[in-house]
J.: 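Handing you a structure now.
The model shown is predicted, which means the values in this text are computed figures rather than measured ones.
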Amino acid sequence: WYANIQIAIAWTESQRNTNDGLKTGFNFHNYWHLSTFLSRNTALSFGYTHISNGRVFRPADSSIFDMLTLGVSHSFRKKK
């Protein structure tokens with residue numbers, strides 16, 4: 001098992017006529033996950049993703065999306 005954390009700022013394009021809660025511009029993106037190798041080249045991961053519109057200190061205007069994620073990754077390069 002191993003753990004990974006990704007903390008990033010992501011650019012989001014959001015239409016004004018949609019009610020998705022995000023604003024066009026930079027948004028915070030955080031991803032935490034635990035992974036384990038199923039084989040030499042394939043890994044299974046379970047994680048938590050958090051996206052917010054960057055207005056952390058303005059709760060009335062902020063939006064937050066939290067998701068549990070499941071993923072599979074595969075490397076086509078042969079490991080030595």
J.: Spell out, yes or no, whether Tyr31 and Ile7 are grouped together once hydrophobic residues are joined by side-chain heavy atoms under 4.5 Å, including indirect joins.
T.: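 No, no single cluster joins them.
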
J.: Can you name the side-chain contact (heavy atoms from CB on, under 4.5 Å) partners of Phe76, sequence neighbours left out?
T.: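 Partners of Phe76 under the side-chain contact (heavy atoms from CB on, under 4.5 Å) test: His74.
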
J.: Do Ser45 and Tyr2 make a side-chain contact, defined as non-hydrogen atoms from C-beta onward lying under 4.5 Å apart?
T.: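 Ser45 does not reach Tyr2 side chain to side chain.
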
J.: In terms of hydrophobic clustering (I, L, V, M, F, W, Y; side-chain heavy atoms under 4.5 Å; direct or indirect links), are Leu44 and Met67 co-clustered?
T.: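 They do not share one cluster, since no chain of ILVMFWY contacts under 4.5 Å joins Leu44 to Met67.
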
J.: Measure the CZ-OG distance between Phe37 and Ser75 for me, rounded to the nearest 0.5 Å.
T.: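 The CZ atom of Phe37 sits 8.5 Å away from the OG atom of Ser75.
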
J.: Do Phe46 and Ile5 belong together in a cluster built from hydrophobic side chains that touch within less than 4.5 Å?
T.: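 Phe46 clusters together with Ile5.
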
J.: Do the non-hydrogen side-chain atoms of Arg77 and Asn41 ever get within less than 4.5 Å of each other?
T.: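 They are not in side-chain contact.
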
J.: Just verifying a value: how many Å separate His50 NE2 and Phe28 CZ, rounded to the nearest 0.5 Å?
T.: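 Going from NE2 on His50 over to CZ on Phe28, the span is 8.5 Å.
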
J.: Can you measure from OG1 (Thr49) to CD (Gln6) and round to the nearest 0.5 angstrom?
T.: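 It is 8.5 Å, given to the nearest 0.5 Å.
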
J.: Could you pull out the closest heavy-atom pair between Tyr48 and Thr69, with the gap in Å?
T.: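 Closest approach of Tyr48 to Thr69, heavy atoms only: N-OG1, 4.0 Å.
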
J.: Suppose clustering is done on Ile, Leu, Val, Met, Phe, Trp and Tyr with side-chain heavy atoms closer than 4.5 Å. Which residues sit in the same group as Leu34?
T.: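 Grouped by the 4.5 Å side-chain rule, Trp1 form the rest of the cluster around Leu34.
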
